[in-house]
Amino acid sequence: MHRWSQLFIPTLREAPADAEVASHKLLVRAGYIRQLGAGIYSFLFLGNRSTQKIMGIVREEMDKIGQEFYLPALNPREVWEESGRWTVMGDNMFRLKDRKGADLCLGMTHEEVMTDIARKELRSYKQLPQIWYQIQTKFRDEPRPKAGLLRVRQFIMKDAYSFDIDADGLDVSYQKHHDTYCRIFDRCGLKYMVIDAHSGAMGGSKSQEFMVRTPAGEDLVVSCEKCNYAANMEKAVSKLAPVEDLKPEGDGSPLEVHTPGQKTIEDVARFLGVSPKNKIKTLAMMITEQDAKTGKSHPRAVVLLMRGDHQMNEAKLSSAVGGKETRPMEEAEIRELFHSPAGYLGPLGIDWAKSMNDATKPILLVDKALEGRVNLIGGANKEDYHVKHLTPGKNFHPTAYVDLRSVTAGEECPNCGAPLRIDTAVEIGHIFKLGYEYSESMGARVLDRNGKEVAPIMGSYGIGIERILTAAIEQNNDANGFWLSPSIAPFDVVVVSTNPKDEKIRAVSEDIAKQLESSGYDVLLDDRDERPGVKFKDADLVGIPFRINVGKKVTEDTVEFVQRSTLQSSDVKISAITEYFRGLRPTAS
RNA sequence: CGGGACGUAGCGCAGCCUGGUAGCGCACUUGCUUGGGGUGCAAGGGGUCGCGAGUUCAAAUCUCGCCGUCCCGACCA
């Protein structure tokens with residue numbers, strides 16, 4: 001049994017001035033953590049107990065599908081050089097030299113080291129599949145650590161790696177992780193979403209993120225009010241309400257109209273008396289491409305057509321152009337391609353590439369929302385003129401129709417039609433089908449059943465341990481403190497002796513604490529010589545889900561049982577306390 | 001890395017503009033008091049004013065440099 005009077009639980013009445021988000025303020029106030037430097041935190045007694053419990057759950061669930069390893073955080077340069085990430089990781093990687101001057105780094109993740117083990121040890125398909133995981137400290141020199149434990153430079157991660165003989169095997173390993181992650185986060189008492197994540201530039205690989213809604217989050221997530229549809233902004237799609245196309249005038253062939261000084265979508269729409277939904281928004285961008293033969297890089301125009309009232313999503317654009325960086329065209333580049341000033345740009349009169357590989361010509365990407373639309377209005381590539389009767393596929397030929405549009409809140413869910421919402425969220429887990437990237441770059445090979453040498457296919461899977469704690473606090477807090485699920489709280493229950501000077505109260509508090517402890521619960525006995533008000537405030541602050549107040553009612557053999565989340569209290573007979581508690585928290589840890 | 005703010009006792013802050021004895025609340029120590037939502041009284045302890053240089057008879061205060069922390073942005077396998 002733990003006696004508060006003998007513990008170090010430095011609670012604070014006020015939060016440090018530089019804490020902004022709720023979880024940061026409360027973790028410090030509750031005496032869970034103290035800051036050592038930017039993005040570097042010490043865990044004190046309560047904080048450590050809580051993260052240990054989280055790791056316990058992770059370990060228990062992961063042991064059902066994999067094997068726990070423990071890899072070094074200190075890594076030699078060579079393995080990172082082999083994967084190419086010694087360079088790729090840039091300033092995000094902490095680097096150091098040993099006494100001989102050899103380069104080392106602190107591990108940000110462990111694909112390299114795991115793959116190194118795999119390539120040295122795995123020889124046959126008979127040894128596959130393998131799932132190897134570890135719970136270990138990671139180091140990342142974040143450009144901007146922030147928000148307490150939310151973005152830090154040293155943190156604990158459960159990272160796992162799967163090795164399979166083929167894609168079907170990877171599907172199984174991936175699904176196992178998906179299901180295990182759901183069990184882990186359920187057991188931690190989190191409300192979370194599983195979202196389809198940006199699959200990366202190379203395409204094909206599936207990736208999902210486990211996200212928790214919180215105002216402190218750094219990522220935007222689109223989710224459905226009703227069903228379980230959820231995706232990040234780079235992937236999110238929505239159903240669009242049908243738009244009525246304009247009727248053609250005359251023979252319906254492209255018709256220039258004089259629009260003096262009308263440059264913006266709104267201006268033109270108003271001037272012509274149409275909705276922006278019938279207008280084409282033309283965005284002129286540039287990418288840098290490398291010539292496949294010469295290796296020389298040269299700029300290439302990418303023109304986007306969107307519905308007039310839609311916003312372009314840069315991540316979607318980026319994946320549409322193969323992950324290349326894009327930038328807006330400069331004035332001179334616009335004139336060279338369109339022979340027109342900005343404000344009057346359109347798709348007519350330009351010889352667009354027929355495919356992305358048609359490298360000599362500019363690319364025309366048309367948003368899917370314009371596919372099948374007719375009689376749109378766009379720029380005429382001529383100052384003060386626009387063109388009516390533009391129909392994609394008829395008057396001009398897109399290189400491709402792609403989804404380029406940012407979803408906005410309130411649009412319809414693609415699955416069920418209910419309104420979509422957009423929230424900030426924090427990522428607590430990520431599962432990823434890696435493919436052959438590391439097994440190939442680092443030369444891992446096994447023999448398949450035909451005796452042929454093949455690279456094993458990999459997956460990688462991560463959980464941020466501290467982020468589980470942070471997210472849980474973000475989800476469950478009020479002005480006085482926070483409450484954790486008993487599974488991850490430092491203690492199941494705090495027994496408050498409201499008056500330690502009263503012998504009966506003191507003795508009953510001890511008894512109850514002992515009794516609950518012998519029933520397998522983690523009990524904190526607040527035996528401090530403090531006023532009840534102080535103890536109640538502290539109890540409310542530190543995240544323990546249940547409290548037992550031992551007070552005057554001991555003369556009636558009764559104590560108060562308080563649930564932190566609701567602050568509801570009920571009187572319980574002392575003799576029935578263990579049984580009562582078991583009803584609330586059946587699985588003693 | 002760009003923009004902004006801050007750095008004075010463990011925590012939260014005032015003092016700086018207009019240079020001259022370093023202050024308040026909480027916390028801490030001792031004694032008494034109180035005992036169901038941060039009790040009251042009294043007496044105490046604790047500060048290289050982030051670091052360095054400069055100006056000055058004199059610098060927490062003015063000037064310059066550096067360091068650190070936070071916020072916004074960029075970045076984020």
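A, B, ... follow the sequence lines: proteins, then strands. Residue 1 opens every chain. Only heavy atoms go into these numbers, but all of them, side chains included; no hydrogens, no water, no symmetry mates. Predicted model, so just to flag it, every value in this text is computed and none were measured.
- Taking atom C1' on both nucleotides, B:rA42 is separated from B:rC66 by 47 Å, rounded to a whole Å.
- Donor-acceptor pairing under 3.5 Å, judged by distance alone, is absent between the side chain of A:N499 and the base of B:rG36.
- In this structure, a donor-acceptor pair under 3.5 Å is present between the side chains of A:S5 and A:D527.
- When distances run from any side-chain atom of A:K537 to the nucleotides B:rG37, B:rC76, B:rC70, the shortest one goes to B:rG37.
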Tell me, with the steps shown, if A:Y161 and A:Y133 meet ring-ring contact (aromatic ring centres under 6.0 Å, His included). CA-CA 6 Å; A:Y161 307 86; A:Y133 84 95; over 10 Å; no
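- With hydrogens and angles ignored, no donor-acceptor pair under 3.5 angstrom links the side chain of A:E530 to the base of B:rG38.
- Nearest nucleotide to the A:P143 side chain, out of B:rC70, B:rA74, B:rC11: B:rA74.
- Rounded to whole Å, atom P of B:rU69 lies 7 Å from atom CD of A:Q35.
- Comparing the same atom, C1', in B:rA43 and in B:rA5 gives a spacing of 41 Å after rounding to whole Å.
- Base contact: A:V534 has a heavy atom under 4.0 Å from a base atom.
- Atom CG of A:D91 is separated from atom P of B:rG2 by 13 Å (rounded to the nearest Å).
- Contact annotation for A:E560: base contact, defined as any heavy-atom pair under 4.0 Å involving a base atom.
- Spacing between B:rC72 and B:rG65 at atom C1', rounded to whole Å, works out to 26 Å.
- Within 4.0 Å of A:N549, counting heavy atoms only, lies at least one base atom of the nucleic acid.
- Within the nucleic acid shown, A:A539 has no heavy atom closer than 4.0 Å to any nucleic acid atom.
- A:G90 comes within 4.0 angstrom of nothing in the nucleic acid, heavy atoms only.
- Atom CD1 of A:I33 and atom P of B:rC11 are 14 Å apart (whole Å).
- A straight line from CD of A:E14 to P of B:rA14 spans 12 Å, rounded to a whole angstrom.
- Distances shown here put every side-chain N or O of A:R531 at or beyond 4.0 Å from the OP1 or OP2 atom of B:rG36.
- With C1' as the reference atom, B:rG68 and B:rU21 are 31 Å apart, rounded to whole Å.
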Worked verdict on A:F45 versus A:F8 for ring-ring contact (aromatic ring centres under 6.0 Å, His included): CA-CA 7 Å; A:F45 177 64; A:F8 181 64; 9.4 Å; no
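- Note on A:R506: nothing from the nucleic acid sits closer than 4.0 angstrom, heavy atoms only.
- Contact of A:D529 with B:rG35 (side chain to base): a donor-acceptor pair of N or O atoms is detected under 3.5 Å.
- Contact of A:R29 with B:rG10 (side chain to base): no donor-acceptor pair of N or O atoms is detected under 3.5 Å.
- Remark: the A:Y32 side chain and the A:S50 side chain contain no N/O donor-acceptor pair separated by less than 3.5 Å.
- Taking the six-membered ring for Trp and thresholds of 30 and 60 degrees, A:W132 and A:F163 have ring planes inclined between 30 and 60 degrees apart.
- Here B:rC76 is the nucleotide among B:rC76, B:rG36, B:rU69 with the atom lying nearest to any side-chain atom of A:R151.
- Nearer the 5' end of RNA chain B, as judged by each residue's closest nucleotide, is the contact made by A:G148, out of A:D219 and A:G148.
- Counting any heavy atom pair closer than 4.0 Å across all strands shown, A:D502 reaches no nucleic acid atom.
- Considering only side-chain N and O atoms, A:K552 lies under 4.0 angstrom from the phosphate OP1 or OP2 of B:rG36.
- Side chain of A:D538, nearest nucleotide from B:rC76, B:rG38, B:rC70: B:rG38.
- A:R85 and A:Y438 are linked by a side-chain donor-acceptor pair at a separation below 3.5 angstrom, with hydrogens and angles left out of the test.
- Between A:R13 and B:rC11 there is no side-chain N or O to OP1 or OP2 distance below 4.0 Å.
- Donor-acceptor pairing under 3.5 Å, judged by distance alone, is absent between the side chain of A:R144 and the base of B:rC75.
- Listed nucleotides B:rC70, B:rC76, B:rG12 differ in distance to A:A17; the shortest reach to its side chain belongs to B:rG12.
- Residues A:A15 and A:K501 both approach RNA chain B. Their nearest nucleotides, taken by heavy-atom distance, put A:A15 toward the 5′ side.
- Other residues, nucleotides and ligands contribute at most 12 non-hydrogen atoms within 6.0 Å of the CG atom of A:D91.
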